[in-house]
Amino acid sequence: MCGIVGYVGKRPIVNTLLNGLKRLEYRGYDSAGIAILKESQIKVIKRTGKVDALREAVDKVSFSQNENELSIGIAHTRWATHGAPTEKNAHPHLDEKGNFALVHNGIIENYASLKEHLIGKGHKFVSETDTEVIVHLISELYEGDFLKAVAASLKQLSGTYGIAVISKAHPDTIIAARKGSPIIIGVGNDEMIVASDVSALISYTRKVIYLDDGDIAVLRAEEVDIRNIDIIPVTRELAHIDWDANAAEKGGYEHFMIKEIFEQPEAITNGTRGRLNFEDGSSVLSGLGYSSRELASISNVIIAACGTSYNAGLVGEYYFEDIADLPTEVAQAAEFRYRNPIIRPDTLVLAISQSGETADTLAAVREGKNKGAVVAGICNIVGSTIARETGVGVYLHAGPEIGVASTKAFTCQVIVLLMMALKLGRAKRFSRQRGIEIIEEIIKTPDIVREVLKRAKDIQKIAKKYAKAENAFYIGRGYLYPVALEGALKLKEISYIHAEGYHAAELKHGPIALLEERVPVIALANDIPGKDKMISNIQECKARKSPIIATATEGDTEIASMVNDVIWIPKCSQFIAPIPTVVALQLFSYYVAKERGCSIDQPRNLAKSVTVE
Ligand code: F6R
């Protein structure tokens, strides 16, 4: 995820900015850059790859600084969203006269129309980013008042931003602003540091101000002046950070995994932003690049993926069949090229991969291409090998996932698959009205997930009770069958408890032989189609003395009365139910693993990206 650092004060500017960027490295990024304002010139240096490569490049340039001289600059680590990870696309971006430099986190949804407008006014763009329009807009609207130009520009943006800007004409000032993307101001003694994350500023000061959405901060070494978008002064409290640097990287959470579990409402919002079209009851997935006519001619879908991404693909199978009327198969990517899959020119081979680097999924992409299929990808990492080789597809915009166990990638993959099925369905027989109903549900999903997160303490209590188990079964039906598989995968990978996910009806075809009082069964019994039959399956497990933990729809006393423990899930349709339910199971696994003292972010034997067959 992108990271911002800016500084005004008397410290050595290069080191201050680069040390700040170093502290943001854990967030994941693909390029980095700095802009330093000195002697009425803005000097920008950018590099793809690591901050160390940027440091090497900066070391070659002399940035002499006298003691007690005021220094000012901004810096950025970029995690590509619009445009490949190249030097040109890296931040800071300059306007064409080199009067302003800007760094930005977030996504500007209306950048294409703004860019067209600015090109009409003679502006020349050098990058493919959405960010570059902001700095051109500021220069276009600048009439001598820096703050006014920034505020007027921000008013024209739709989307999200956290920004820091410097101006040649105002060599003592950084302007920072926030809407939907965090900006924090570190208040020092005659120095100010601005960052997107406390970890970048914690070694300089522990006094911070968190900007609210809509705030614009004017920073000078000795003062910070905060305004709203109409330039009216607002007051924000000074807070004190007492985390250590290590905890700061994790936003105060104990592990990346739990941080990422809690980030899911925001990740889903980011993944759906600008992609829902109420008017047509459809979705806007421009990266797919196919016309409605081409989409309508797809005859079947083969999803190829591994692990958690495979489980998300299984939810996708239900979506494609129910919404897009498309025969769908979910293939183990590892096996795909060793079988003889029936691929026709109108078969869509859809590769799902968080990292975009999984060797087996990549091999499936190549096999699909060789056989002449329509190939598309669903990836989180922009510019990853699978994203490049498929050429078309949909990015998750989930932000980097650092914990080895995949959490927010799964929920974002599911929501992207739902939007994709909607697009394919609307190109065929799915009605506009039903499309609108699904969009309304997608919009509510982040809040539904928040409700589950509020119950983390209840889930922790249940997890403590079962943390000593050595075997467990997860059972589900319909849309919750893939969630049973994912729940079991999460538990085994981080807690090392042997866990199996089964279709609830399959249990009696063999595995039921293993049930006894020491083997808990996690039954996904939400009130969606399949619940009635699940009740019988729960009874079957109870008869074998297994304790039952159920996920159930809020207020479902029938389920509550027949099981040992309940994890409540807000009411939602079968289309959305996999998402809050998996979040509850992620929390359950996390707290079980914590209770067992496991290495949660780096479980034994596992790697975040599996680049070997
Ligand atoms: C489980 C997990 C793995 C990955 C799998 C595929 O928590 O993270 O099962 O899902 O290795 O990885 P990607 O999605 O990067 O292709």
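Position 1 is the first residue of the sequence, and the numbers go up from there. Start at 1 and go down the list; that is how both ligands and their atoms are numbered.
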Could you tell me which atoms of ligand 1, counted from 1 in the order shown, lie closer than 4.0 angstrom to a heavy atom of [X]?
X	value
Q354	13 (P), 14 (O), 15 (O), 16 (O)
A405	7 (O)
S353	13 (P), 14 (O), 15 (O), 16 (O)
E493	1 (C), 7 (O)
K490	1 (C), 7 (O)
S309	10 (O), 13 (P), 14 (O)

With distance as the sole criterion, is a donor-acceptor pair present between the side chains of [X] and [Y] under 3.5 Å?
X	Y	answer
E486	T308	yes
E595	Y591	no
K88	T129	no
N537	R477	yes
N300	T347	yes

Q | Close aromatic pair by centroid cut-off 6.0 Å: F575 and Y318 | A | no

Q.
Can you list everything that forms a salt bridge (Lys or Arg N to Asp or Glu O under 4.0 Å) with E321? Sequence neighbours excluded, please.
A. none

Q: Indicate yes or no: does R596 engage E470 in a salt bridge with an N to O separation below 4.0 Å.
A: yes

Q | SB check E401 K408 (cutoff 4.0 Å) | A | no

Checking a contact table here: which protein heavy atom is nearest [atom], and how many Å away?
atom	result
atom 6 (C) of ligand 1	C306 O, 3.4 Å
atom 12 (O) of ligand 1	T358 OG1, 3.5 Å
atom 10 (O) of ligand 1	T308 N, 3.1 Å
atom 11 (O) of ligand 1	V610 CG2, 4.0 Å

Q) Relative to ligand 1, is E357 under 4.0 angstrom through side chain, backbone, both or neither, heavy atoms considered? A) neither

Q | Residue part near ligand 1, for L606, under 4.0 Å between non-hydrogen atoms | A | neither

(Q) Regarding ligand 1, does T361 bring an N or O atom to under 3.5 Å of one of the ligand's N or O atoms? (A) no

Q. Heavy atoms only: which of A305, S355, A409 is nearest to atom 15 (O) of ligand 1?
A. S355

Q) Quick one: side-chain hydrogen bond (donor to acceptor under 3.5 Å, both in side chains) partners of D565, sequence neighbours excluded? A) K465, Y466

(Q) So is V404 touching ligand 1 or not, going by heavy atoms under 4.0 Å? (A) yes

